[in-house]
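See below for the structure under consideration.
Note that the coordinates shown come from a computational prediction; the quantities given were computed from them, not determined experimentally.
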Amino acid sequence: MQYGTVLSQKSHHRFLWMRMALMEKKLAGIVEALVQKAEVFYEADSLISHSVNGPILAALLAGPCALDYSRMKTPDHLWTDPPAPDLLDRKRMARSDSQSVIPDYSLEE
């Protein structure tokens, strides 16, 4: 195994807690707690220890924590999600009455 691969795997695992906290919508609360206890865990000139920037950072994380990450695309999403023309074709086939006409939006000329 190459050194770069090992290093990237270690850094991936290193930040896994952030990804999990974001998906569980707890990252903003964790960072807010870190900002409140910054003098214990961080140096005085760090971003989190800053009297203005630390709370701003914690507040900015409230937006991403509000999103739902349960419907993220999987590696096989190209195989599971049919393209729009296929969906229109399915709708045309499902409609048996000839009065409702779905326009043909295909890109082919």
Side-chain angles (χ1 to χ4, degrees):
M1 191 178 290
Q2 293 180 349
Y3 177 73
T5 307
V6 173
L7 187 62
S8 67
Q9 287 177 351
K10 285 182 181 180
S11 66
H12 172 73
H13 292 299
R14 181 178 172 197
F15 300 112
L16 186 62
W17 71 270
M18 287 184 196
R19 189 176 289 179
M20 294 303 298
L22 181 63
M23 292 181 75
E24 294 176 1
K25 301 180 181 185
K26 296 181 181 183
L27 185 61
I30 292 171
V31 172
E32 187 175 339
L34 288 174
V35 167
Q36 292 172 357
K37 302 282 185 182
E39 68 276 353
V40 176
F41 300 112
Y42 295 95
E43 295 178 6
D45 61 342
S46 67
L47 176 69
I48 290 183
S49 296
H50 194 271
S51 62
V52 176
N53 293 337
I56 288 175
L57 174 66
L60 286 174
L61 289 173
C65 286
L67 298 175
D68 184 21
Y69 295 100
S70 64
R71 301 261 318 165
M72 293 182 2
K73 289 195 178 265
T74 59
D76 64 342
H77 75 278
L78 295 174
W79 300 104
T80 57
D81 295 340
D86 290 349
L87 292 173
L88 289 172
D89 289 340
R90 289 181 192 178
K91 188 158 179 97
R92 280 190 202 99
M93 287 187 274
R95 297 242 174 151
S96 59
D97 57 352
S98 61
Q99 293 178 355
S100 62
V101 176
I102 299 174
D104 185 16
Y105 292 115
S106 64
L107 298 175
E108 299 172 7
E109 293 185 27

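- Note that the CD atom of Glu24 and the CG atom of Leu22 stand 10.0 Å from one another [nearest 0.5 Å].
- In terms of heavy-atom proximity, Val35 sits nearest to Ala58 at CG2-CB, 4.4 Å.
- The CE atom of Met23 lies 8.5 Å from the CG atom of Asp68; values are rounded to the nearest 0.5 Å.
- In terms of modelled atom types and a separation under 3.5 Å, the side chain of Ser46 and the main chain of Glu43 share a donor-acceptor contact.
- Between Leu27 and Pro64, every side-chain heavy-atom pair lies at or beyond the 4.5 Å cut-off.
- The two residues Ala44 and Ser49 come nearest to each other via the heavy atoms O-CB, 3.7 Å.
- Val31 and Phe15 fall within the same hydrophobic cluster, defined by Ile, Leu, Val, Met, Phe, Trp and Tyr side-chain heavy atoms under 4.5 Å apart, directly or through other members.
- Smallest separation of non-hydrogen atoms from Leu47 and Asn53: CD1-CB, 3.6 Å.
- Hydrophobic clustering, with ILVMFWY side chains joined whenever heavy atoms are under 4.5 angstrom apart, keeps Met18 apart from Leu60.
- The shortest heavy-atom contact between Pro55 and His50 is CD-O, 3.7 Å.
- To the nearest 0.5 Å, atom CG of residue Asp86 and atom NZ of residue Lys91 are 15.0 Å apart.
- When side chains are defined from C-beta on, Phe41 does not count as touching Ile48, because their heavy atoms never get closer than 4.5 Å.
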